[in-house]
**Student:** 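This is the structure I have questions about; it appears just below.
Letters go in sequence order (proteins before strands), and every chain restarts at 1.
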Amino acid sequence: MSRADSDVIVRAADLSRTFAAASAPVHALRGVSLEVRRGEKVALLGRSGSGKSSLLNILGGLDRPTSGSVHVAGLDLTRLTAVQLAHYRSTIVGMIFQSFHLIAARTALQNVELPMVFNGRKPRDRRDAARQALEAVGLSERMRHRPGELSGGERQRVAIARALVNHPEILLADEPTGNLDTATAAEIFDILEENCRRGGVTLLLVTHDEELARRRVDRVLRMQDGRLS
Amino acid sequence: MRAADVLRLAFAALYQQKVRTSLTTLGVAVGTLVLFLSLSIGIGVREAVLYQIRRHDDLRKVEIRSGSGKVEEHIPPGEVEVKGEMSDAKRKRLHDRLVNRWINKNGYPATTPLAVERLQEIREWPHVESVTPLYINFGRATLGEKGEDVQTVSATVAEKLLRGRLVAGAWFAAEDERSVVVSEYLLYLWGMASDEEVRGALGRKMRLEYHTGANKPLMLMSLFGLDASMADPEQERVLQKVVQRLPEVMKKLDLTPKEMEALRRTLQGPTLPKMRQQPDHLISAELMIAGVLRGPEKGDPQGGSMVERFRPDADLILPVGTAQSLFLQNPYHAERGVEAATVLVDDEAHVKEVANRVEAIGLGQYSLVEFAERLQTNVMLLTLAMSFIAFVALLVAALGITNTLVMSVLERTHEIGVMKAVGARDRHVLLLFLVEGMLVGLLGSGLGLLCGWLASFPGDAVARSLMERQSDVHVDQSLFAFPLWLTLGVPLFATLVTTLAALYPARRAAKVNPIEALRHE
């Protein structure tokens, strides 16, 4: 992918992902193609098992497609080495999850610092950046708390701070409000939206809240049986 | 990823599991403790022993004795020949008996006497620093009116062990000084008991007399079960007279000529042929009492050399030059030479060479080198055995670490997944777990080292008291040695083992699939 095409941040073509299983192979993705423009907010709707998470994992650099091509921010993810992929995860992409995936034994601040630990940032820089990120999600008062001492909404805010602390180009959110009540979900979505807008971050949101998706995003994609419809 | 962060994360993970970490660390500490102590005492004992031996140059000494060589070469062949038909084994057995009987009858043939010339010859050998003969003799020491039978020994000016027991006066300053050092016991026999009397003896002249040849009159006393040393001069004179008249008395006995001959042979005395032919004359010297020696005590430093062990009870110590001139006045001694001498070799490494050469010329030799080597081997074997046990203990502790970390990987799968999701490389995860193993090793071995060092003090006291109670050996330094290589090497080794023990769980952790791990909550 050429740099001239910088308007497009995600370009996937004919992606498929097959998992070997005992009985029969599971086809999670069956030839998915999509493009996402820089700064766009895209919602991915679909029932569970439709392949949304598989697509997100590939885009997040946690998994590789069985076939097809995928470029994110100009990088051919299928060609990156494991080390380059790890670097990609910590710099280009941020991810948040339905169940937050915070480390229970570490404080909010330490959790947000973690991505920077692995790319070797200086402790002081790291701490400042983490503080700023937590302030940006409105958690400046709870930095020293461990996840167990925070509410669901607060935990997701920590996760958002962690996902954005390295200033990624794209944020992948896998049902970020799925575990939250409606009011909190709206609040979290506000924070997501605000932060993405401010940082010019592209948002790819997996959800099954059709109402939320329709109101808040630029484009809605639907997924069924491993295909985009 | 920064090294400090690796350490911080590894520490945090260990700190989270305080009990488990403590127990694992304790395991490593015990293994290290045992390994450290067993090596430490092994080295310590070895050093203490070597120090003990080296202190008096004992490892550089070769004791030589007049050799007997091959006895049979000195027996006329016909005398020990076994006649008749029999197996070779039987012939050998009978032959050995005949040889023994010949020796009983004729005395042990001194084939290679340690004569003065031979000592001189050995002095010229390469690597030989000095040859000090030991003159041991029995004579009579008289101060004023009082005479006592004494054992006299020779000593050099440089002599250290005996000199350490001086209680009054001084040691000789020259090898040919006409002076002696006497034992406090001899002074006591002479009637001088108090410190004042002992000091009063210094500077006085005493007379030392040696008989050449056998003192037949005194020997006669043993017939009546009397101790020759009890004889007073009057008794001695009478006995002398009786001995001189014996041949005449014999004629009056009712004996056949054959019996008479046998009796004469008997009266000619024991088997020392030269001694027998020698007229009994007196060698005598006047010597000044230079110093007084106390008897040996428990805890006195000891020399390992056998020659030196002859000395502790000696009543009279003569400078070696003086002793030699008196000794050699006896023609029999001049020919047969001394019993023993000490050869000082320039370096321990050459002792074997000199010892071999001594044997090659038919002299007997004894050196501590072999003993020291054997001792070192024994200590080393013991240390090895103990270290092996310690090593097993450490291995068990290492398995404990592997187990703990494998559990930890299972428990922290989710955490590993999160770390990978936010950018941790496989190598980072591997490193984290390896460092956890390393930290347990460092902490445990540090603790073990500290405990070992603390335990060495009471341990040393116990071992020392046991040793002193059993063997009379007094050891000055600690039986536990802590050379730098050991103090650093043991914890390093323990840490290496624990780090290796972490390798398997660390690899498993590194291979965790983040997607699966994130599902694992």
**Student:** For Arg47(A), does the CZ atom sit with more than 12 other heavy atoms under 6.0 Å from it, leaving out its own atoms?
**Tutor:**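 12 or below, so no.
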
**Student:** Just how far is it from atom CG of Leu9(B) to atom CD1 of Ile103(A), taken to the nearest 0.5 Å?
**Tutor:**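 Answer rounded to 0.5 Å: 8.0 Å.
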
**Student:** At what distance, to the nearest 0.5 angstrom, does OG of Ser53(A) lie from CD1 of Ile515(B)?
**Tutor:** 9.5 Å

**Student:** Where on Asp63(A) is there a heavy atom nearer than 4.5 Å to chain B: the side chain, the backbone, both, or neither?
**Tutor:**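 Both backbone and side chain.
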
**Student:** Got a sec: does the CZ of Phe388(B) have more than 12 other heavy atoms crowding it under 6.0 Å?
**Tutor:**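 Result for CZ/Phe388(B): open.
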
**Student:** For atom CZ of Arg79(A), decide whether the heavy atoms of other residues, nucleotides or ligands shown that lie under 6.0 angstrom number more than 12.
**Tutor:** no

**Student:** State whether the number of non-hydrogen atoms from other residues, nucleotides or ligands found under 6.0 Å of Arg507(B) atom CZ is greater than 12.
**Tutor:** no

**Student:** When rounded to the nearest 0.5 angstrom, what distance separates OG in Ser90(A) from NZ in Lys420(B)?
**Tutor:**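 Separation between the atoms: 14.0 Å.
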
**Student:** CZ of Arg46(B): more than 12 outside heavy atoms within 6.0 angstrom?
**Tutor:** no

**Student:** Please find the pair of heavy atoms, one from Gly423(B) and one from Phe118(A), that lie closest to each other, and give the distance.
**Tutor:**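 So the minimum-distance heavy-atom pair works out to O-CB, 3.7 Å.
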
**Student:** By a 4.5 Å heavy-atom criterion (distance strictly below it), what part of Tyr88(A) contacts chain B: side chain, backbone, both, or neither?
**Tutor:** neither

**Student:** Between Met1(B), Glu415(B), Arg2(B), who has the most heavy-atom pairs with chain A when the cutoff is under 4.5 Å?
**Tutor:** Arg2(B)

**Student:** Heavy-atom pairs under 4.5 Å with chain B are the metric here; pick the option from Met95(A), His87(A), Arg121(A) that has the most.
**Tutor:** Arg121(A)

**Student:** Are the side chain of Arg425(B) and the backbone of Ala86(A) linked by a donor-acceptor contact shorter than 3.5 Å?
**Tutor:** no

**Student:** Are any of the side-chain nitrogens in Lys122(A) or Asp5(B) under 4.0 Å away from the carboxylate oxygens of its partner?
**Tutor:**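 Between Asp5(B) and Lys122(A) there is no salt bridge, as every charged N stays at least 4.0 Å from the carboxylate O atoms.
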
**Student:** Answer with side chain, backbone, both or neither: which region of Gln16(B) has an atom nearer than 4.5 Å to a non-hydrogen atom of chain A?
**Tutor:** side chain

**Student:** I want to check something: taking the side chain as every heavy atom from C-beta on, are Val422(B) and Arg89(A) in contact at a cut-off of under 4.5 Å?
**Tutor:** no

**Student:** For Phe457(B), does the CZ atom have more than 12 heavy-atom neighbours from other residues, nucleotides or ligands under 6.0 Å away?
**Tutor:**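 It does: Phe457(B) CZ has more than 12 such atoms within range.
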
**Student:** Yes or no on side chain to side chain contact (heavy atoms under 4.5 Å, CB included) for Val418(B) and Arg106(A), after CA distance, side-chain angles and deciding distance?
**Tutor:** CA-CA 12 Å; Val418(B) 172; Arg106(A) 326 221 85 209; over 6 Å; no

